[in-house]
Undergrad: 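First the structure, which I've put down as structure tokens, then a few questions once you've had a look.
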There are 2 protein chains.
Amino acid sequence: MTELRADARRNLERVLDAAEQVFAASGPDASIDEIARLAGVGHGTVFRRFPTKDDLMYAVIERHVAQLHAIAEEALAADDPGEGFFDFARRAAELMMTTPGIHKCVVHCGEKPGAAELEELGRKLVSRAQRAGALRKDFEPAEVGPLVRAALLAAPPGQWRRYLDVVLDGLRT
Amino acid sequence: MTELRADARRNLERVLDAAEQVFAASGPDASIDEIARLAGVGHGTVFRRFPTKDDLMYAVIERHVAQLHAIAEEALAADDPGEGFFDFARRAAELMMTTPGIHKCVVHCGEKPGAAELEELGRKLVSRAQRAGALRKDFEPAEVGPLVRAALLAAPPGQWRRYLDVVLDGLRT
DNA sequence: CCTGAAACGGACTGTGCAGTCCGCTTACGT
DNA sequence: ACGTAAGCGGACTGCACAGTCCGTTTCAGG
């Protein structure tokens with residue numbers, strides 16, 4: 001059951017690649033039809049693997065989340081909690097903003113994908129920085145991410161760094 | 001031509017009121033049908049006055065923009081340019097966040113409605129504060145609004161004040 | 001009143017999407 | 001080579017919505 005036929009695996013790959021491209025270009029409003037077309041399969045094939053458009057979106061997002069995970073662990077190991085947090089924010093932003101459409105997808109899904117662990121990591125990162133006095137204390141760890149992401153989304157294409165700076169400065173004590 | 005029949009004027013009123021309510025509740029995704037139903041008219045009637053959903057949205061927004069206009073003028077008359085700007089931001093946010101759905105509509109329309117004058121006012125407010133050294137200089141006047149609005153939208157229902165604080169602090173020099 | 005223009009409203013059209021279904025095709029174990 | 005289950009794809013359904021059309025109703029001026 002878990003073993004996929006060779007052609008099926010190939011198609012699955014193609015679908016994920018196509019989905020990544022299309023979501024990156026059009027954000028969460030991308031249509032399954034377009035993805036299927038680009039992948040060169042019928043859209044029925046897409047729905048067989050991913051019963052729901054959101055399922056497909058999660059799958060695409062999960063690929064990206066893996067990378068974030070690594071960055072977060074590293075930041076958590078930093079000596080200075082404040083530095084750790086701000087570094088993570090900057091590097092995570094760098095990563096996400098290479099594919100703004102997917103960033104929109106993340107916002108659209110409201111975390112769900114790798115929620116469990118990654119969110120936990122973020123929580124630690126934030127509260128550690130707060131305890132060290134590097135960060136405003138009147139924000140829940142879970143609120144920081146959405147605020148930063150919202151600011152990033154508001155920025156014109158190449159300009160998000162300045163927007164990030166403003167929010168990070170505002171979060172400093 | 002400009003004279004509207006009595007019943008027509010009555011219906012127009014009803015439609016605008018209903019639209020305000022519905023847009024306030026559901027943001028830009030509200031459907032014309034729902035508005036028409038609430039107004040107690042057929043949806044054909046709505047489309048006769050407002051050929052396009054966006055036209056209706058603009059009309060609703062314009063009502064709100066008028067109030068902003070007054071606040072902006074007042075702020076521009078303040079002695080301290082910095083105070084003027086921050087006061088305006090806070091009072092404008094207060095106004096917009098009483099109807100978050102409509103705030104979303106404004107974001108959706110990207111300014112268009114009272115653009116001409118109001119945007120000019122905002123521009124003056126920002127650049128005056130920048131010249132006075134109260135505000136970061138690496139932001140175009142036109143960029144400030146969207147950034148602030150994005151942060152407001154990211155806030156959970158009653159919590160936007162803290163989010164606004166962060167962004168305003170970040171914009172300070 | 002009575003009439004014609006203005007306004008009405010809802011049936012209708014067209015579009016774009018997610019998600020389902022089923023007859024056909026293809027991989028792959030024997 | 002061949003039988004069969006896994007896989008395929010596109011026709012189909014259902015829905016929500018914006019926007020149009022036109023036969024009917026209502027207002028307002030003479």
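So that the names make sense, note that chain A is the first sequence line, chain B the second, and so on, each numbered from 1.
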Undergrad: Regarding A:Ala30, tell me which of base, sugar-phosphate or nothing describes its non-hydrogen contacts under 4.0 Å with the strands shown.
TA: sugar-phosphate
Undergrad: Distance check needed: C:dC8 C1' versus B:Leu12 CG, whole Å only.
TA: 14 Å
Undergrad: Between C:dG19, C:dG9, D:dG9, which nucleotide gets closest to the side-chain atoms of A:Phe47?
TA: C:dG19
Undergrad: Quick check, are the ring centers of B:Phe50 and B:Tyr58 under 6.0 angstrom apart?
TA: no
Undergrad: Tell me the interatomic distance from A:Met57, atom CE, to C:dG19, atom P, rounded to whole angstroms.
TA: 12 Å
Undergrad: Distance check needed: C:dG9 P versus B:Leu38 CG, whole Å only.
TA: 14 Å
Undergrad: Atom CZ of B:Arg10 and atom C1' of D:dT26: how far apart are they, to the nearest Å?
TA: 10 Å
Undergrad: What contact category does B:Arg49 fall into here, base, sugar-phosphate, or nothing, at under 4.0 angstrom with non-hydrogen atoms?
TA: sugar-phosphate
Undergrad: When you measure from the side-chain N and O atoms of A:Thr52 to the phosphate of C:dG19, is any distance below 4.0 Å, counting only OP1 and OP2?
TA: yes
Undergrad: Taking atom P of C:dG19 as reference, at what distance in whole Å does atom CD1 of A:Ile35 sit?
TA: 12 Å
Undergrad: Go through C:dC17, D:dG9, C:dC8 for me and flag the one nearest to the B:Ala8 side chain.
TA: C:dC8
Undergrad: Looking at A:Phe86, I'd like to know if the NZ or CZ of A:Arg91 sits under 6.0 Å from its six-membered ring centre while staying within 45 degrees of the ring's axis.
TA: no
Undergrad: A:Arg9 has an atom CZ; how far is it from atom P of D:dA6, in whole Å?
TA: 16 Å
Undergrad: Taking only N and O in the side chain of B:Asn11, is any of them less than 4.0 Å away from OP1 or OP2 of C:dC8?
TA: yes
Undergrad: What nucleic acid atoms does A:Thr45 come within less than 4.0 Å of, heavy atoms only: base, sugar-phosphate, or nothing?
TA: base
Undergrad: In Å and rounded to the nearest 0.5 Å, what is the CZ to CG distance from A:Arg63 to A:Leu16?
TA: 5.0 Å
Undergrad: Could you tell me how far apart B:Asp55 (CG) and D:dT20 (P) are, to the nearest whole angstrom?
TA: 11 Å
Undergrad: Please check if the side chain of A:Lys53 supplies one atom and the backbone of A:Ala30 the other of a donor-acceptor pair under 3.5 Å.
TA: yes
Undergrad: Is A:Arg128 close enough and on-axis enough to A:Phe85, meaning under 6.0 Å and within 45°, for cation-pi?
TA: no
Undergrad: Between B:Ala6 and B:Ile32, which is nearer to the 5' end of DNA chain D once each is assigned its nearest nucleotide?
TA: B:Ile32
Undergrad: Between C:dA7, C:dA18, D:dA18, which one does the side chain of B:Asp7 approach most closely?
TA: C:dA7
Undergrad: Whole angstrom is fine here: how far is it from CD in A:Glu34 over to P in D:dG10?
TA: 17 Å
Undergrad: Measure from the side chain of B:Arg48, starting at C-beta and using heavy atoms only, and say which of D:dG9, C:dA18, C:dC8 lies closest.
TA: C:dC8
Undergrad: On DNA chain C, does the nearest nucleotide to B:His43 precede the nearest nucleotide to B:Arg5 from the 5' side, or the other way round? Give the residue.
TA: B:Arg5
